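Notes follow once the structure below has been shown.
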Number of protein chains: 2
Amino acid sequence: MKKNYGIQSVPRMSEEVTRQLIQYIAAEKLKPGSKLPTERQLSERLEVSRSSVREGIRALEILQYLESRQGEGTFVSKPPPYLIPLSIIRKEENLVELHKYYQVSLLHARQILSLGISNQISIDQLQVDQADFWSSFSSLVDFVGKQLLNNYYLEIWQLTNQLLESFDFYLHVTNRFEIDKILEAYNSLNYTALTDYIQQIEEAKIV
Amino acid sequence: MKKNYGIQSVPRMSEEVTRQLIQYIAAEKLKPGSKLPTERQLSERLEVSRSSVREGIRALEILQYLESRQGEGTFVSKPPPYLIPLSIIRKEENLVELHKYYQVSLLHARQILSLGISNQISIDQLQVDQADFWSSFSSLVDFVGKQLLNNYYLEIWQLTNQLLESFDFYLHVTNRFEIDKILEAYNSLNYTALTDYIQQIEEAKIV
DNA sequence: GTCGATTTGTTCGTATGTATC
DNA sequence: TGATACATACGAACAAATCGA
């Protein structure tokens, strides 16, 4: 009885290839322009078919991380994109790197809430859990973000926030914040108070 | 002498598949959770091999746009991600959609320049073309952004800016802006003047 | 300029694992 | 339990592009 534990039942070969490729490039410190082993070599080393290797490469290619040219080979084209899905990264926690996501996340949270105020989006119907700041903050941003015309702010925020959560990053934020202060600033349309508080959040100590 | 300048000489089948899939989903107005035709059906309809179909699906899967489950099928998992590379989109200009990118782009430009000021990043060495506002503005953001610790701001900005440029979006911005005002505000560390001006840029008329 | 080796691009056939009924 | 539908995976073969001798 082998069932779906958690995310994915059976890891896909092509996904494994993607992971290995990222790891390989990092380990070998390959710069943009560097050539990767041929598909056949990768196929042998990783002990998967060439089809699977190709699928793995194709995924990294749409992220503009790799580029393969017929008759030449496959090359590293850019530094690893910030948007590599959770399922692929799964490396050790890197607080320095995660802190960058934290900043990007808060930038968008601030933007979403600011626009929420200026567009007079009411949050009366929102239920928040006073006890857990980050979960209630997430609910707030999510709630407001979904009602904005520009959905990209929310998308980037969700992406970064999701990543931070999955790595339990918020546990490393030692400062205690209060969701009430944010809700109060929001409801009283106090833009400066809101941004100031988010500024404080951004400057929190990470341990 | 035919060289590969720019994009790509011959479009790849798998890339064509990704394009078609995006188009198909949009045309059929498929919601998250909707099932796509089977790989074999797609293979027949698009007249490509199953391998190519799979490669195309794999690319959209890492963007978390599709999700395929063995024994079940392939499903739409999320609305089209904002980060779909230029080579794939290539649809008609959609000013409404592009305007969202414009907003995201300016959000990051503002953040980059603000951090540039507070980190006292000098722009004395920067050469700008006074005549073309957007090209000089790009140079500025790029120049400052590269010197920040957090490279994700720059990455998102580059992504959106690149897309806007490729669709000649800036030609639709009728207002005339002056790069000097921005440079002056930046050099005099006048944070509010800077953000105010960028605010004006964001509110520009698009025709 | 041609030839041959290398490498990615593409296809097809086959077998297997998984989910649903 | 069995049957069906579907994705997963492999390997062989050939096409097309690139590069160097």
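Below, read A as the first sequence line, B as the second, and so on, with proteins coming before strands; counting in each chain starts at 1. These figures come from a predicted structure and were not determined experimentally.
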Separation of B/Gln70 atom CD from C/dA15 atom P, in whole Å? 17 Å
Please determine whether a side-chain nitrogen or oxygen atom of A/Ser52 lies at a distance below 4.0 Å from atom OP1 or OP2 of D/dC10. yes
Residue B/Glu72, side-chain heavy atoms: nucleotide from C/dT20, D/dA9, C/dG9 that is nearest: C/dT20
In terms of ring plane angle, is the pair B/Phe177 and B/Tyr197 parallel, tilted or perpendicular, where the classes change at 30° and 60°? perpendicular
Ranking B/Thr38 and A/Ser49 by the position along DNA chain D of their nearest nucleotide, the one closer to 5' is B/Thr38
Answer yes if the side chains of A/Glu61 and A/Ser68 hold a donor-acceptor pair under 3.5 Å, and no otherwise. yes
Would you kindly give the CG-to-P distance between A/Leu42 and C/dT7, to the nearest whole Å? 11 Å
To the nearest angstrom, the CZ-P distance between A/Arg54 and C/dT7 comes to 15 Å
OP1 or OP2 of D/dC6 sitting under 4.0 Å from any side-chain N/O of B/Ser68? no
Mind calculating the distance between CD (A/Glu47) and C1' (D/dT8) to the nearest angstrom? 18 Å
Rounded to whole angstrom units, what separation is found between the CD atom of B/Glu44 and the P atom of D/dC6? 11 Å
Donor-acceptor pairs are to be reported for all side-chain atoms of residues 114-122 of chain A against protein atoms at under 3.5 Å, with residues two or more places apart or in another chain.
from: A/Ser114; atom 1: OG; to: A/Arg110; atom 2: O; distance (Å): 2.7
from: A/Ser118; atom 1: OG; to: A/Ser114; atom 2: O; distance (Å): 3.3
from: A/Ser118; atom 1: OG; to: A/Leu115; atom 2: O; distance (Å): 3.3
from: A/Asn119; atom 1: ND2; to: A/Leu115; atom 2: O; distance (Å): 3.3
from: A/Ser122; atom 1: OG; to: A/Asp124; atom 2: N; distance (Å): 3.2
from: A/Ser122; atom 1: OG; to: A/Asp124; atom 2: OD2; distance (Å): 3.2

Rounded to whole Å, please give me the gap between CG in B/Leu46 and C1' in C/dG9. 17 Å
Which part of the nucleic acid does B/Ser51 contact within heavy-atom distance under 4.0 Å: base, sugar-phosphate only, or nothing? base
Using a heavy-atom cut-off of under 4.0 Å over every strand shown, decide if B/Arg69 touches base, sugar-phosphate, or nothing. sugar-phosphate
Send over the distance from B/Arg40 CZ to D/dC6 P, rounded to a whole Å. 9 Å
Filter on side chain to side chain donor-acceptor pair (under 3.5 Å), then keep only pairs touching residues 25-35 of chain B, sequence neighbours left out; what's left? none
Taking the nucleotide of DNA chain D with the nearest heavy atom to each, does A/Ser14 or A/Arg50 sit closer to the 5' end? A/Ser14
Output the rounded distance in Å from CD (B/Glu16) to P (C/dT10). 10 Å
Check whether more than 12 heavy atoms from other residues, nucleotides or ligands sit under 6.0 Å from atom CG of A/Leu30, and answer yes or no. yes
Would you indicate what B/Glu39 reaches in the nucleic acid, counting non-hydrogen atoms under 4.0 angstrom: base, sugar-phosphate, or nothing? base
